[in-house]
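Contents: one structure, followed by commentary.
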Amino acid sequence: MIISHDFGIGVVEYEERGKNNEFPLFDTCPNCKCPAHGNLHRNGYYWRYGITEVVTLRIPICRLKCLQCEVNISILPDFLIPYFQHTIHTVMKRVNQILKKKKAKGSRQLLRFHLNRYLKCINWIHSFFIGIGKICGMSGDIKKEATKYMKMILDFGESPFLRRSRGHLSKYFMAN
Ligand SMILES: [Zn+2]
């Protein structure tokens with residue numbers, strides 16, 4: 001399972017700290033809720049990309065394993081969307097530029113991929129905001145809705161949105 005964690009820093013500082021980041025400690029296993037002591041073990045790191053408009057960094061992701069339920073847990077910094085190499089800020093900024101018909105950085109193929117994933121998630125985003133009592137109706141105009149929810153996510157805060165919405169309808173933001 002993936003835990004989206006707020007380290008309170010951006011990707012550049014996270015990369016500088018590397019394995020010395022302040023990784024969270026748990027009292028219980030996030031999956032089976034058994035006591036963490038004696039059960040939840042550090043299980044090394046894996047390395048992945050964190051890409052912004054200006055830098056491409058390799059960063060370590062801390063892994064844990066629960067001996068009770070055998071689940072593997074990855075502590076993903078909340079500036080990253082699970083399985084996306086670009087930071088959430090970069091992805092959202094580019095999608096927003098496309099929605100506003102402005103020129104966005106990045107290959108056309110990647111931009112189309114990010115935009116399509118975002119559009120595919122509109123109903124899910126809508127359902128998340130209904131769940132927290134934020135809205136009402138939705139029009140059939142996908143472009144209009146895409147712009148409306150873009151603003152709502154930015155107002156909510158990209159990373160807080162990522163953390164709060166994780167697991168909503170057993171999905172996460174931008175998942176297929
Ligand atoms: Zn467990």
Side-chain angles (χ1 to χ4, degrees), residues 1-18 21-22 46-62 74-176:
M1 75 190 289
I2 295 170
I3 301 280
S4 194
H5 180 71
D6 179 11
F7 285 83
I9 52 176
V11 65
V12 173
E13 202 171 343
Y14 183 93
E15 190 261 350
E16 281 167 6
R17 292 185 190 179
N21 272 294
E22 281 181 40
Y46 68 87
W47 292 80
R48 52 156 290 166
Y49 283 109
I51 306 177
T52 70
E53 298 283 33
V54 282
V55 289
T56 296
L57 301 168
R58 295 268 290 165
I59 58 172
I61 304 299
C62 181
S74 302
I75 313 293
L76 194 70
D78 66 357
F79 49 75
L80 289 173
I81 303 166
Y83 308 110
F84 279 69
Q85 295 191 330
H86 290 76
T87 62
I88 184 168
H89 180 68
T90 308
V91 171
M92 294 301 274
K93 187 180 165 188
R94 290 178 177 183
V95 170
N96 201 10
Q97 280 167 324
I98 300 168
L99 291 174
K100 288 178 171 169
K101 296 196 187 309
K102 287 183 187 163
K103 195 167 162 45
K105 251 178 112 174
S107 76
R108 279 179 64 178
Q109 194 187 8
L110 187 64
L111 292 174
R112 196 179 309 125
F113 171 71
H114 287 167
L115 177 68
N116 287 343
R117 272 295 180 86
Y118 175 71
L119 294 177
K120 222 176 147 183
C121 277
I122 293 296
N123 282 316
W124 178 84
I125 299 168
H126 171 74
S127 146
F128 167 76
F129 278 119
I130 283 187
I132 61 167
K134 288 265 183 197
I135 23 167
C136 35
M138 183 156 125
S139 72
D141 185 341
I142 183 79
K143 185 80 194 300
K144 203 175 120 192
E145 296 304 317
T147 304
K148 178 177 93 187
Y149 289 114
M150 172 61 67
K151 186 175 182 313
M152 287 184 71
I153 292 170
L154 295 180
D155 286 349
F156 196 89
E158 296 157 332
S159 293
F161 172 78
L162 202 52
R163 291 199 308 275
R164 264 302 277 289
S165 65
R166 187 185 69 87
H168 175 68
L169 303 178
S170 306
K171 269 182 70 170
Y172 50 84
F173 183 49
M174 298 290 264
N176 200 355

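The first residue of the sequence shown is numbered 1, and numbering continues consecutively from there.
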Between His126 and Phe128, does the ring-ring contact (aromatic ring centres under 6.0 Å, His included) criterion hold? Intermediate values first, please. CA-CA 5 Å; His126 171 74; Phe128 167 76; over 10 Å; no
For a 4.5 angstrom cut-off between non-hydrogen side-chain atoms, does Leu80 reach Phe84? no
Could you check Ile3 against Arg166 for side-chain contact (heavy atoms from CB on, under 4.5 Å), going step by step and ending with a plain yes or no? CA-CA 9 Å; Ile3 301 280; Arg166 187 185 69 87; 4.1 Å; yes
Just say parallel, tilted or perpendicular for the rings of Tyr83 and Tyr172, cut-offs at 30° and 60°. tilted
Do Glu145 side-chain atoms and Ser139 backbone N/O form a donor-acceptor pair below 3.5 Å? yes
Under a 3.5 Å threshold, yes or no: a donor from one side chain and an acceptor from the other, between His168 and Ser127? yes
Which distance, rounded to the nearest 0.5 Å, do you find between the NZ of Lys171 and the CH2 of Trp124? 7.5 Å
Can you list, pair by pair, the side-chain donor-acceptor contacts under 3.5 Å of residues 102-115, counting residues two or more places apart and other chains?
| from | atom 1 | to | atom 2 | distance (Å) |
| --- | --- | --- | --- | --- |
| Lys105 | NZ | Glu53 | O | 2.6 |
| Ser107 | OG | Leu110 | N | 3.1 |

His86 and side-chain contact (heavy atoms from CB on, under 4.5 Å): which partner among Thr52, Ile51, Val11? Ile51
Tyr118 side-chain N/O to Ala146 backbone N/O, donor-acceptor pair under 3.5 Å: yes
If we only count heavy atoms from C-beta on, is the His5 to Leu76 side-chain gap below 4.5 Å? no
Please answer whether the main-chain N or O of Ile59 pairs with a side-chain N or O of Tyr49 as donor and acceptor at a distance below 3.5 Å. no
Nearest-0.5 Å distance that lies between atom CD1 in Ile88 and atom CG in Asp78: 8.5 Å
